[in-house]
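First the proteins, then the strands, lettered A, B, ... as listed; each starts at 1. Worth saying up front: this structure is predicted, and the values here are computed from it rather than measured.
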Amino acid sequence: MPELPEVETVKRGLHKLIIGHKISAVSNDNPKSFPNALNDVAQFMVNANIIDVRRRAKVLLIDLSTKYTLVIHLKMTGQLVFVNKLDRFGAGHPSSSLINELPDKSTRVIIDFKGGSHLYFNDQRKFGWVRLIPTLEVSNMSFMMKVGPEPLEADFTASEFANRFKRRARTTIKAAILDQTVIAGVGNIYADESLWGAKIHPSRLVNTITKSEFTELYKQVRLIMNLAIEKGGSTIIDYVNAEGKKGGYMSFARVFRREGLACSRCGNEIIKIKVASRGTHICPYCQQL
DNA sequence: CACTTGACCTGTCCGC
DNA sequence: TGCGGACAGGTCAAGT
């Protein structure tokens, strides 16, 4: 699921829903999903207030009044869903909702708030995780130390974008754009969408991409991920926002999971290939080697 | 260092 | 209907 636009959508939702809430209890059914020792949770989470919700790359950061931060990675199937005590999923729930009743069998961590609302961390495949870390130490985590710049920041330039790829000169552009140490936040959906937008074949080697192609790719990454945020992200199977609702970007997708359909630019058939051992969608006419 | 592959998990879908 | 295999939004640890 969660690439930058999905994590940003969850962040915005949680920002509205949980700031100011006080944690009353925490439970965890899977040690790998939340490996912190119970005494840390008791000491630094219970009775803490939520003071901010942030995002860096595909990672969510929930800052607590104890100067600890919940660092959360949703990986492929993670969800963070807030349920107010008055909400009732099921009969009458919005058709865009994927969530019927929580907790369910994918629920790994439950954070209860005073007043009776709950935050559920669900994760079918158990790749995702939650960690409780002192706020000042978050930037020292190994992932944070090596992750690349945020591509949607206003001051992030096309030349900086191109320069980041020099470290991956002899690999494919698809592998490089998915590399989080090059650019933060691009995953398989937005890699394919952006490469189609820039008319670049994903198997092209980085050192064959021209400066003007990098500039176009930079523009497409920003255009497409900003649009995806506006549409609330992409739901393939599992992704939902903080209210349990699907994202709307997939109806705007131009290649991702559209194999067999016509390219909206030239009418040729979109195909699915494998690049960097990832399923990859291209228009073989618009994106040539 | 740069690069590739397998591993981590569960569930679903497809072909036999 | 059942069963094996491939595949799925992401990262790591190993290997070359």
Should [X] be listed as having a side-chain N or O under 4.0 Å from OP1 or OP2 of [N]?
{"X": "A:K272", "N": "C:dC7", "result": "no"}
{"X": "A:T171", "N": "B:dT4", "result": "yes"}
{"X": "A:R170", "N": "B:dC1", "result": "no"}
{"X": "A:K32", "N": "B:dC8", "result": "no"}
{"X": "A:H73", "N": "C:dT11", "result": "yes"}
{"X": "A:K75", "N": "C:dT11", "result": "no"}

Euclidean distance, atom [atom1] of residue [X] to atom [atom2] of [N] [Å, nearest integer]:
{"X": "A:K126", "N": "B:dC8", "atom1": "NZ", "atom2": "C1'", "result": "11 Å"}
{"X": "A:I236", "N": "C:dG10", "atom1": "CD1", "atom2": "C1'", "result": "14 Å"}
{"X": "A:L178", "N": "B:dC3", "atom1": "CG", "atom2": "P", "result": "14 Å"}
{"X": "A:L74", "N": "B:dC8", "atom1": "CG", "atom2": "C1'", "result": "17 Å"}
{"X": "A:M76", "N": "C:dA6", "atom1": "CE", "atom2": "C1'", "result": "13 Å"}
{"X": "A:I273", "N": "C:dC7", "atom1": "CD1", "atom2": "P", "result": "14 Å"}
{"X": "A:Q79", "N": "B:dC9", "atom1": "CD", "atom2": "P", "result": "19 Å"}
{"X": "A:D29", "N": "B:dC9", "atom1": "CG", "atom2": "C1'", "result": "13 Å"}

Reported NZ-to-OH distance for the pair A:K246 and A:Y239, which is rounded to 0.5 angstrom: 13.0 Å
Distance only, no hydrogens: is a donor on one side chain within 3.5 Å (strictly under) of an acceptor on the other, for [X] and [Y]?
{"X": "A:K174", "Y": "A:T280", "result": "yes"}
{"X": "A:T107", "Y": "A:N122", "result": "yes"}
{"X": "A:T77", "Y": "A:D123", "result": "yes"}

[X] atom [atom1], neighbour heavy-atom count above 12 within 6.0 Å:
{"X": "A:K231", "atom1": "NZ", "value": "yes"}
{"X": "A:K114", "atom1": "NZ", "value": "yes"}
{"X": "A:L38", "atom1": "CG", "value": "no"}
{"X": "A:K166", "atom1": "NZ", "value": "no"}

What about A:R125: does its side chain form a donor-acceptor pair under 3.5 Å with the base of C:dA8? yes
Have a look at [X] and say if it touches a base, only the backbone sugar-phosphate, or nothing, with a 4.0 Å heavy-atom cut-off.
{"X": "A:K105", "value": "sugar-phosphate"}
{"X": "A:A276", "value": "nothing"}
{"X": "A:F256", "value": "sugar-phosphate"}
{"X": "A:R108", "value": "nothing"}

Proximal nucleotide (of [options]) relative to the [X] side chain:
{"X": "A:Q124", "options": "B:dT10, C:dC7, B:dT5", "result": "B:dT10"}
{"X": "A:R168", "options": "C:dA8, B:dT4, B:dT5", "result": "B:dT4"}
{"X": "A:Q180", "options": "C:dT11, B:dT5, C:dC7", "result": "C:dT11"}

Any residue of residues 128-149 of chain A with a heavy atom less than 4.0 Å from an atom of DNA chain B: none
How far, in whole Å, is [M] from [N] if one measures between their [atom1] atoms?
{"N": "B:dC3", "M": "C:dG9", "atom1": "P", "answer": "23 Å"}
{"N": "B:dC9", "M": "C:dG2", "atom1": "C1'", "answer": "23 Å"}
{"N": "C:dC3", "M": "B:dC8", "atom1": "C1'", "answer": "24 Å"}

Taking the side chain as every heavy atom from C-beta outward, state whether A:L64 and A:L132 have any pair of such atoms under 4.5 Å apart. yes
Determine, answering yes or no, if A:F127 is stacked on C:dG10 under the 5.5 Å centre rule and the 30° plane rule. yes
Let's test your reading of the pairing rules: Watson-Crick or G-U wobble, both distances under 3.5 Å, then write DNA chain C as a dot-bracket string with ( ), [ ], | and dots. .|||||||.|||||||
So that I know where these two stand, are A:H21 and A:F82 an aromatic pair - ring centroids less than 6.0 Å apart? yes
Would A:I229 and A:E6 count as a side-chain contact (heavy atoms from CB on, under 4.5 Å) if you check the C-alpha gap in whole Å, the side-chain angles of each, and the deciding distance to 0.1 Å? CA-CA 7 Å; A:I229 292 168; A:E6 289 73 36; over 6 Å; no
